[in-house]
Amino acid sequence: MKLQLPYHARKTQVTFADKIVDVKAYQIIVWVSVTLESFQDWDAKSPRFPAILDTGNNHNFAITEQQLSAWAGLAVDSLSPTTRIREKGEKIQLRRAALWLHMSDAPFRMNVVDGIAIYSGNWPRLPILGLRALTNSKLQTFIYGDTKQVLIRTPPRWYWPF
Amino acid sequence: MENTTQNDSAVEKRLPETPIGIARSREAFLRDLPELLANPKYDRWSVLYCGDEQISIAESEVELIRECNRRGIREEDCYIGCICPPSDEEEEIEGAISFVEYDDETGAFKGPATE
């Protein structure tokens, strides 16, 4: 499975459902869905929404309660709490969920069994996909600065022998 | 039994919002994690605990959710952990609060404090 997408050196916008959100220059946007953890298979009715790919985020996925409700259609209490994390003195609850990354061919279920971070305020402006989710899902991520493209893929089953 | 009660009480204090079944299962996962990490085959696989018992290990959590359904294990009674190096009880992270955006138009950084 793979996903190839562009990013831009200028401000752009993305639209989804009836919403338009700004994307700042040099922000990499991926499309995701959040469902209950108990969903074993992808449900095509699950809404998809944008998230910023941020390798500086050292957790799985960050989303506000408001985005979870309005964009993913899930009440925060519908996701079981697991542990907590701390950030700048604040305690943030982790909750169990299934996180789907929309690849070119089909949605890919990411390994976020540690939980996703639900923030109570109005930040981050857009959900954030962190490096832990990419790593624990064993995805390969390439950023091509020359063409302003990003490639995310599952590892190939074989490599050239050189 | 008394030990279990004391342990539960300690866990409840540390993770007040977490159902005790999840917290207790996580404790068992953390107890066994060093042994699981010793086997490279299980690198970043998922493991299911229900209470003190390790139920199953699988490459994907979906297999473990199926196992829960098959056995009738409720979500609040189990924990699925990722076999990767453990983090602190309340790990300090750099996530969304640390996240700032540079706005080319205003020439300013925006973060949660400026929102």
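What you see is a predicted model, and the numbers here were worked out from it, not measured in a lab. FYI, side chains are in, hydrogens and waters are out, and symmetry mates aren't considered; it's all heavy atoms of this structure. Residue numbering restarts at 1 for every chain, and letters A, B, ... go by the order of the sequence lines.
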A:L131 and A:V30: same hydrophobic cluster, using ILVMFWY side-chain contacts below 4.5 Å? yes
Please identify which of these residues, A:R84, A:R95, A:K91, meets the salt bridge (charged side-chain N to carboxylate O under 4.0 Å, His left out) condition with B:E17. A:R95
Which heavy-atom pair separates A:K88 from B:E92 by the least distance, and what is that distance? N-OE2, 3.2 Å
Is A:R125 paired with B:E101 through a side-chain N to carboxylate O contact shorter than 4.0 Å? yes
Does NZ belonging to A:K148 count more than 12 external heavy atoms closer than 6.0 Å? no
Taking atom CZ of A:R96 and atom CD1 of B:I22, what is their separation to the nearest 0.5 Å? 4.0 Å
Run the numbers on B:R26 and A:T82 for side-chain contact (heavy atoms from CB on, under 4.5 Å), then give the verdict. CA-CA 9 Å; B:R26 182 172 175 273; A:T82 58; 5.8 Å; no
Which residues from residues 66-78 of chain A are near chain B, with near meaning under 4.5 Å between non-hydrogen atoms? none
Transitive ILVMFWY side-chain link B:V100 to B:Y102, under 4.5 Å: yes
Report the distance from atom CD1 of A:I128 to atom CZ of B:F99, rounding to the nearest 0.5 Å. 4.5 Å
Where along residues 12-29 of chain A does a heavy atom come under 4.5 Å of chain B, listed by residue number? A:K24, A:A25, A:Q27
Measuring from atom CG of A:N111 to atom CD1 of B:I80, what distance do you get when rounded to the nearest 0.5 angstrom? 10.0 Å
Please output the residues of residues 44-56 of chain B in contact with chain A, using a heavy-atom cutoff of under 4.5 Å, in numerical order. B:R44, B:W45, B:S46
Say whether A:Y7 and A:L151 are linked into one hydrophobic cluster, either directly or through other cluster members, by side-chain heavy-atom distances under 4.5 angstrom. no
Would A:L99 end up clustered with B:V62 when hydrophobic side chains under 4.5 Å apart are linked, directly or stepwise? no
Quick one: do A:K11 and B:E105 satisfy salt bridge (charged side-chain N to carboxylate O under 4.0 Å, His left out)? Show the steps, please. CA-CA 9 Å; A:K11 183 174 148 186; B:E105 288 170 0; 3.4 Å; yes
Rounding to 0.5 Å, atoms SG (B:C82) and CG (A:D114) come to a distance of 5.5 Å
What's the shortest heavy-atom distance between B:I93 and A:N58, and which atoms? CB-OD1, 3.3 Å
Tell me, side chain or backbone of A:I52 under 4.5 Å from chain B's heavy atoms, or both, or neither? side chain
Mind ranking A:R86, A:R10, A:E37 by heavy-atom pairs under 4.5 Å with chain B and telling me who comes out on top? A:R86
Could you grab the distance from atom CG of A:L94 to atom CG of B:L15, nearest 0.5 Å is fine? 10.0 Å
Do you know which two heavy atoms are closest between B:A96 and A:P124, and how far apart they sit? CB-CD, 3.4 Å
Portion of A:E87 that has a non-hydrogen atom of chain B nearer than 4.5 angstrom: both
Checking an interface table here. Which of residues 72-79 of chain B come within a heavy-atom distance under 4.5 Å of chain A? B:E75, B:C78, B:Y79
Step by step, work out the salt bridge (charged side-chain N to carboxylate O under 4.0 Å, His left out) result for B:E61 and A:R109. CA-CA 9 Å; B:E61 67 178 302; A:R109 185 176 177 136; 3.3 Å; yes
Winner by heavy-atom pair count (cut-off under 4.5 Å) against chain A, out of B:S98, B:C84, B:G81: B:S98
Do side-chain atoms of A:W123 reach the backbone of B:I97 as a donor and acceptor pair under 3.5 angstrom? no
What part of A:T135 is in contact with chain B, defined as an atom under 4.5 angstrom from a non-hydrogen atom: side chain, backbone, both or neither? both
